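Remember, it's a predicted structure, so these values are computed and weren't measured experimentally. We name chains A, B, ... by the order of the sequence lines, and we start the count at 1 in each one.
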Amino acid sequence: MEQAASHVQLNPEQRSAVQHFEGPILVLAGAGSGKTRVLTTRIAHLVREHGVDPSGILAVTFTNKAAGEMRARVRTLLGEDPAGMWIGTFHAVGARLLRRHADRLGWTSSFTIFDADEALRETKRTMERLQVSPKRWHPKAVHGAISAAKNQLVAPDTYAATAADPFTLAVAQVFAAYQTSLKEQNAFDFDDLLVKPVDLFTTAQGLLAYYRQRFTFVLVDEYQDTNRAQYQFLHLLASAQEESGGNLMVVGDDDQSIYGWRGADIRNILDFERDFPGARVVRLEQNYRSTARILDAANAVISQNLKRKGKTLRTSAEAGEPLTRVEAYDERDEAEWIAHEIQRRLMRAPDETARDFVVLYRTNAQSRALEEAFRRADLPYQIVGGTRFYERREIMDALAYLRLISNPRDAAAFERVINVPRRGIGDASRAELYRWAAARGMSALGAAARADENPTFRGRSAAALAEFAALVARFTELASQVAAGQVIERLVEEIGLLSALEEEGPEGTERADNVRELIAAAHEFDARPLDDAEDDDVAADTTALDRFLQKVSLLTDVDRHDPDARAVTLMTIHNAKGLEFPYVFISGLEDGLFPLARAFDEPDTLEEERRLFYVGITRARRKLYLSHARVRRRAGEVRPGIPSSFLEPIPPLIIEHQRTRALSHARASGSLGWHGSARREERDQGRGREPAGVWVDYSDSQDAPRYVKGERVRHPQFGPGVIRELSGFGKDVKAVIDFERAGRKKVVLRYANLQKEL
DNA sequence: CCGTCAACAGTTTTT
DNA sequence: CTGTTGACGG
């Protein structure tokens, strides 16, 4: 990590940004140029040198984790907590504003936040209700269109007015109904957390003036990734007008803009000087993170982009190790090589630890092969992303209960848990309940409470429904009195969630552990000191449970990343933004995967992919590995892999090439025929330089393990042994093995279920 | 109403 | 290949 910041250690550009007092300022901060230090030091400077009250400061970051770090660093610099300062993500800040003023828009402060998954379900339900067939248009596409509209601050009626083709007309219809449904449920989706605060500012009398006066200094990190809604939010809050405002500092790097697909508008940063007249611009181009060779590669790659402000990172660091480019046979081979390389490094240098390594990839699907290789190699790892903790079934179930307790109008939560655990309320009963509820203008939960008034529900189901409603009501009452952890703990006990899961077998035990982890998280939430500005939220008539849920809804997987864990980190490059590691592997560098195939038709998208690669490269401090495979399985299909064109601009002098052992063997045998070049390269390389090993042709088998003569293996029945002979092709490879206990046997590899012994 | 099995579609990145 | 959805029988 970086050294503790102090004015003395700032370079001239950093210092000029830190000492900037009033008026707008854009800090173009290259990767590793100390932008967090600039932000935190400036905050400290504002408080200490200019006497600004911390409660007059609003700082917006990209992740909760970054917010936490920023607060901690400001606290260190000041020697005390910056009480009253707001630090959070746009979404968290939006949620906080809404919690305080939800009534102005017709919501209550106990509103539910629908995550992406829930929003999609809601879209689908809405489509079904409107008889817009989910088969004709994918709910994903419909919700995507709604989300895109929201991010550009397009309201349903405006959208409808411009809709022309069948798809947009359908979306317009769904959009309006979806929004109505959310309101009825007292819910916001992620996008609303950005949009509704803008609505608040533009419609609620006096609010904007209040906040403009309150937040005299606004600071924004990762400005290049803001979208229209976020821009508008900032513009309302912090553009220079009459009496106040205009003290906006945005920090960002156009070369690291990687969220265009989510509506981020790179023009926000490119046009800052125009949008905020009189803005100062400071460039931070001195890099304090990476070796010179890594920076050379980064600069070479990003200079291929045309749409950029243009900036070149400098360093006074030493050249460092060359980069390593690795060619593997397939994704499994690639993963294995990476795992072994990490082991080699760890063995060679005892002061390195697993936490110094990160493996990055373009798509989450790539994590599987890596995960398996790490398991086999017995290397500890932590995966960030993919299936998130809060997206696991059992966690979602528990949370849905809590949501319903906190917000009885949450129909989505009701739908999710009405039959968990099984209460004998099936599709038919639910449909009737919803129909009846809608007809009488009741919520689903309200209708359940009075199920005995509906003759359709006789005996069992009426009782089950009423009992369920009573349970929720009881806990709603409880939640107003006790801490969040208490509520969850008692709820889980009452519905017998843990024991039900335990009975499901080994997987259920894991699920039960997850629920225990959730309970622990709630207790932790209760125990932590109230963070300053939260006092107001408590006053805003919310329960501990309300606040816990709203916080949990905004947690991301990166927030769960534990940098101190003694494990290698595996994650997408998107997730790695803002992080740094001594050793970085970027895997899957093949055209069609990275960059993704679709990027080839769209110059802007290709540039964004390249920026993503640039972000990946610049995470590395000491050593960078770039790997690709000749063959990769995707969706069960085997496809040839051509090295990414992104690798081309990297100067040959700073990068060394390697091949995995498996590839070398397969090549030496001439068994690989994906490209015409294989034979030529083989000739150039010279035959027989590789140790004489028996090759295995696995080009037509899905996952045949790669073995060579002399290798130690373990058989499930015969135990450990050494491979003496190999014969056969593809799926029919047979091996003669000398087992320590069972003697010499001939086995078919496909059936033998051998394991490699290290 | 619920469990089982077959057919099926899907892979880009996330607050 | 894998997780999810739909049809069917108990």
Side-chain angles (χ1 to χ4, degrees), chain A residues 60-67 88-95 113-117 119-121 124 134-135 138-141 144 147 150-151 188-195 222 225-227 229-230 257-264 331-332 360-369 372 384-388 390-391 393 418-431 460-461 464 551-559 571-578 588 592-599 602 605 608-609 611-613 615-616 632-639 702-703:
Chain A
V60 192
T61 59
F62 197 72
T63 64
N64 296 297
K65 191 177 159 206
T89 61
F90 273 103
H91 290 83
V93 168
I113 298 169
F114 279 5
D115 64 12
D117 194 64
L120 187 61
R121 287 163 190 276
K124 200 175 165 204
K135 287 201 173 126
H138 223 291
K140 248 188 184 157
S147 179
K150 287 190 180 189
N151 282 318
F188 293 115
D189 66 15
F190 273 157
D191 301 317
D192 287 337
L193 298 182
L194 307 178
V195 174
E222 310 280 15
D225 287 323
T226 51
N227 62 31
Q230 291 162 326
S257 160
I258 54 176
Y259 284 98
W261 53 274
R262 206 173 74 192
E331 73 280 355
R332 198 184 151 118
L360 304 176
Y361 35 80
R362 177 67 245 264
T363 68
N364 278 307
Q366 291 166 253
S367 68
R368 173 158 268 133
E372 285 167 4
V384 179
T387 48
R388 296 174 157 67
Y390 289 103
E391 283 172 12
R393 192 198 71 197
I418 176 64
N419 208 29
V420 178
R422 307 240 171 266
R423 290 186 182 82
I425 314 289
D427 292 349
S429 313
R430 283 206 308 277
R460 257 205 347 264
S461 44
K551 169 145 188 167
V552 156
S553 319
L554 297 175
L555 283 187
T556 72
D557 232 48
V558 188
D559 297 324
M571 60 177 146
T572 62
I573 304 174
H574 281 91
N575 267 325
K577 188 166 87 156
L593 180 61
F594 194 14
L596 287 169
R598 60 173 21 165
E602 251 303 316
T605 312
E608 180 154 317
E609 293 277 308
R611 291 193 292 269
L612 189 61
F613 185 40
V615 167
R632 189 172 295 269
R633 274 172 282 273
R634 283 221 267 170
E637 242 185 318
V638 186
R639 289 190 203 172
Q702 287 286 303
D703 48 15

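For the salt bridge (Lys or Arg N to Asp or Glu O under 4.0 Å) test, residues two or more places apart in sequence or in another chain that qualify with A:D192 are A:K150. Applying the ring pair (Phe, Tyr, Trp, His ring centres under 6.0 Å) criterion to A:F594, with sequence neighbours excluded, gives A:F613, A:F646. A:E608 meets the salt bridge (Lys or Arg N to Asp or Glu O under 4.0 Å) test with A:R611; sequence neighbours excluded. For A:R422, the salt bridge (Lys or Arg N to Asp or Glu O under 4.0 Å) criterion is met by no residue, not counting sequence neighbours. For A:F114, there are no ring pair (Phe, Tyr, Trp, His ring centres under 6.0 Å) partners two or more places apart in sequence or in a different chain. Here A:N64 pairs with A:D559 under the side-chain hydrogen bond (donor to acceptor under 3.5 Å, both in side chains) rule; sequence neighbours left out. Every side-chain hydrogen bond (donor to acceptor under 3.5 Å, both in side chains) that A:R423 has, sequence neighbours left out, goes to A:Y401. With sequence neighbours left out, A:S461 forms a side-chain hydrogen bond (donor to acceptor under 3.5 Å, both in side chains) with no residue at all. Partners of A:R632 under the side-chain hydrogen bond (donor to acceptor under 3.5 Å, both in side chains) rule, at least two apart in sequence or in another chain, are A:E334, A:E590.
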Can you name the atoms? Protein N/O to nucleotides 7-10 of chain C N/O, anything below 3.5 Å, with the distance.
none

When you compare the protein's N or O atoms with those of nucleotides 2-6 of chain C, which come within less than 3.5 Å of each other, and at what distance?
none

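In this structure, A:N364 reaches the sugar-phosphate backbone alone: every heavy-atom distance under 4.0 Å involves primed, P, OP1 or OP2 atoms, never a base. Looking at heavy-atom distances under 4.0 Å, A:R598 makes contact with a base. In this structure, A:A428 reaches the sugar-phosphate backbone alone: every heavy-atom distance under 4.0 Å involves primed, P, OP1 or OP2 atoms, never a base. Looking at heavy-atom distances under 4.0 Å, A:F90 makes no contact with the nucleic acid at all. A:N575 comes within contact range of the sugar-phosphate backbone alone, with a heavy-atom separation under 4.0 Å but no base atom that close. Counting any heavy atom pair closer than 4.0 Å across all strands shown, A:N419 reaches sugar-phosphate atoms only and no base atom. Within 4.0 Å of A:S429, counting heavy atoms only, lie sugar-phosphate atoms of the nucleic acid but no base atom.
Map A:T605 and A:I425 each onto its nearest nucleotide of DNA chain B; the residue landing nearer the 5' end is A:I425. DNA chain B is contacted by both A:V384 and A:R423; A:R423 maps to the nucleotide lying nearer its 5′ end (nearest heavy atom per residue).
Between A:Q230 and A:V60 there is no side-chain heavy-atom pair separated by less than 4.5 Å. When side chains are defined from C-beta on, A:F62 does not count as touching A:T89, because their heavy atoms never get closer than 4.5 Å.
First and last contacts of DNA chain B with chain A, using any nucleotide atom under 4.0 Å from a protein heavy atom and ordered 5' to 3', fall at B:dC1 to B:dT15.
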